[in-house]
Structure formats: C-alpha cells, structure tokens
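What follows is a set of notes on a single structure, which appears directly below.
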Amino acid sequence: MIAAAYIICAVQICVVLFQLALALGAPMGEYTLGGQNIGRLSMKLRVATTISLLINLGIAGHYLAQTGTLQALLPSNLNAIVNWALVGFFGLGLLMNSISRSKKERNLWVPVLILSLVCAVIVALG
C-alpha cells in the first residue's frame with residue numbers, strides 16, 4: 001500500500017511539472033484538454049491548467065500523508081472516503097482520456113491513468 005501511494009505521488013508530481021510547463025507557455029496543447037489546442041494554450045486555459053496543477057499537488061500531498069511522510073490532515077473515516085473518491089477521479093480521467101479525439105493525448109495519459117487507478121485502488125483497499 002505504501003509503495004502504491006509513493007508511485008501515485010511520483011506520477012502526480014510529473015503531472016504537476018507537465019501542467020507547470022503548459023501554464024508557462026510550453027507548446028504542448030495537443031497533449032491536454034482534448035488535444036484541440038495545438039501549440040501554446042490560451043491565457044484562459046493556462047489559468048485553468050494552473051488550477052489543475054494545484055489540485056494535483058494536493059492529491060500528491062494526500063498520498064504522501066498515506067505513507068506517513070506528511071501528517072494526515074483528515075480523520076481516518078474521511079480519509080477513506082477521499083481515497084475512494086480519488087479512485088473515481090482517476091477512473092473518470094481514464095474514461096475521458098480514452099475517448100479523446102487526440103491520439104497524442106490518449107497515448108500520453110491513458111497509461112498514466114491506468115497506473116494511477118491501479119495504485120489508487122490498492123491504497124483505498126489499505
């Protein structure tokens with residue numbers, strides 16, 4: 001369970017770095033948001049990416065707390081609910097990226113989300 005939490009944390013940090021690059025104007029729009037934004041994202045989408053970056057950073061922190069590396073902020077019963085909510089989050093992300101029209105987006109995110117979903121289930125099962 002601890003190894004799975006560390007894996008998700010590492011994956012989330014990689015996602016955060018990708019989102020940071022997008023927010024700073026990296027020309028990788030076809031790898032995100034349905035792949036319909038070739039090149040740099042618009043300023044509005046860069047702001048949305050920054051918000052997503054913060055959410056993913058929070059998810060990484062949550063999983064670090066599961067390992068004991070960070071202090072848990074949630075009581076154990078709420079923590080279990082959040083773990084299963086994150087299973088749903090990764091499952092929905094997998095579904096949405098699997099049906100993306102962008103082959104580049106699918107090729108990048110489907111494997112990432114399969115790994116994240118499997119690890120999230122392991123953590124949720126405890």
(message) Show every ring-ring contact (aromatic ring centres under 6.0 Å, His included) that has at least one partner inside residues 99-126, sequence neighbours left out.
(response) Phe18-Trp109
(request) Would you name the heavy atoms of Thr49 and Ala23 that are closest together and state the gap between them? (result) CG2-N, 4.2 Å
(request) Just grab all the ring-ring contact (aromatic ring centres under 6.0 Å, His included) pairs involving residues 32-75, residues at least two apart or on different chains. (result) none
(request) Verify the neighbour count for atom CG of Leu125: are there more than 12 heavy atoms of other residues, nucleotides or ligands below 6.0 Å? (result) yes
(message) Going by side chain to side chain contact (heavy atoms under 4.5 Å, CB included), name the residues that satisfy it together with Leu94, two or more places apart in sequence or in a different chain.
(response) Ser98, Val110, Leu113, Ile114, Leu117
(request) Verify the cluster assignment for Val123 and Leu78: are they in a single hydrophobic cluster under the rule of side-chain heavy atoms below 4.5 Å apart? (result) yes
(message) Does anything in residues 1-13 form a side-chain hydrogen bond (donor to acceptor under 3.5 Å, both in side chains)? List the pairs, not counting sequence neighbours.
(response) Tyr6-Thr69
(request) Please round to the nearest 0.5 Å and tell me the distance separating atom CG of Leu86 and atom SG of Cys119. (result) 12.5 Å
(request) Find the distance between CG (Leu41) and CG (Leu24) and round it off to the nearest 0.5 Å. (result) 11.5 Å
(request) Can you see which heavy atom on Leu70 is nearest to which on Gly61, and at what distance? (result) CD1-O, 3.8 Å
(message) Can you tell me if Leu95 has over 12 outside heavy atoms packed within less than 6.0 Å of its CG?
(response) yes
(request) Not counting sequence neighbours, list each pair that qualifies as a salt bridge (charged side-chain N to carboxylate O under 4.0 Å, His left out) and has a residue in residues 36-51. (result) none
(message) So which atom in Val11 and which in Ser116 form the shortest heavy-atom distance, rounded to 0.1 Å?
(response) CG1-OG, 3.5 Å
(request) Please list all pairs passing the salt bridge (charged side-chain N to carboxylate O under 4.0 Å, His left out) test where one or both residues lie in residues 9-37, with sequence neighbours left out. (result) Glu30-Lys104
(request) Taking side chain to side chain donor-acceptor pair (under 3.5 Å) as the test, write out the residues that go with Ser100, two or more places apart. (result) Glu105
(message) Test: ring-ring contact (aromatic ring centres under 6.0 Å, His included). Region: residues 68-91. Which pairs qualify, not counting sequence neighbours?
(response) none
(message) Counting only heavy atoms not in Met96 (residues, nucleotides, ligands), do more than 12 fall under 6.0 Å from its CE?
(response) no
(message) Rounded to the nearest 0.5 Å, what separates atom CG in Leu22 from atom CG in Leu33?
(response) 7.5 Å
(request) State the OG1-CD1 distance between Thr67 and Ile8, to the nearest 0.5 angstrom. (result) 11.5 Å
(request) Output every pair passing salt bridge (charged side-chain N to carboxylate O under 4.0 Å, His left out) with a member in residues 49-68, not counting sequence neighbours, ordered by first then second residue. (result) none
(message) To check you understand the geometry: which heavy-atom pair defines the closest contact between Gly35 and Ser102, and what is its length?
(response) CA-CB, 3.5 Å
(request) Sorted by first residue and then second, give each side-chain hydrogen bond (donor to acceptor under 3.5 Å, both in side chains) pair with at least one member in residues 72-82; sequence neighbours left out. (result) Gln66-Asn79
(request) Please report the closest heavy-atom contact between Ala65 and Ala72, naming both atoms and the distance. (result) CB-CA, 3.9 Å
(message) Using every non-hydrogen atom in the two residues, find where Ile122 and Ala4 come nearest and quote the distance to one decimal.
(response) CG2-CB, 3.7 Å
(request) Under the side chain to side chain contact (heavy atoms under 4.5 Å, CB included) rule, collect the residues that match up with Ala26, sequence neighbours excluded. (result) Ala21, Met28
(request) Kindly compute the distance separating OG1 (Thr32) from CG (Leu45), expressed to the nearest 0.5 Å. (result) 8.5 Å
Please table the atom pairs, donor to acceptor, closer than 3.5 Å between any side-chain atom in residues 51-60 and protein atoms at least two apart or in another chain.
unit_1	atom_1	unit_2	atom_2	d
Ser52	OG	Gln19	NE2	2.7
Ser52	OG	Asn56	ND2	3.4
Asn56	ND2	Gln19	OE1	3.3
Asn56	ND2	Ser52	O	2.9

(request) Could you grab the distance from atom CG of Leu20 to atom CD1 of Ile13, nearest 0.5 Å is fine? (result) 11.0 Å
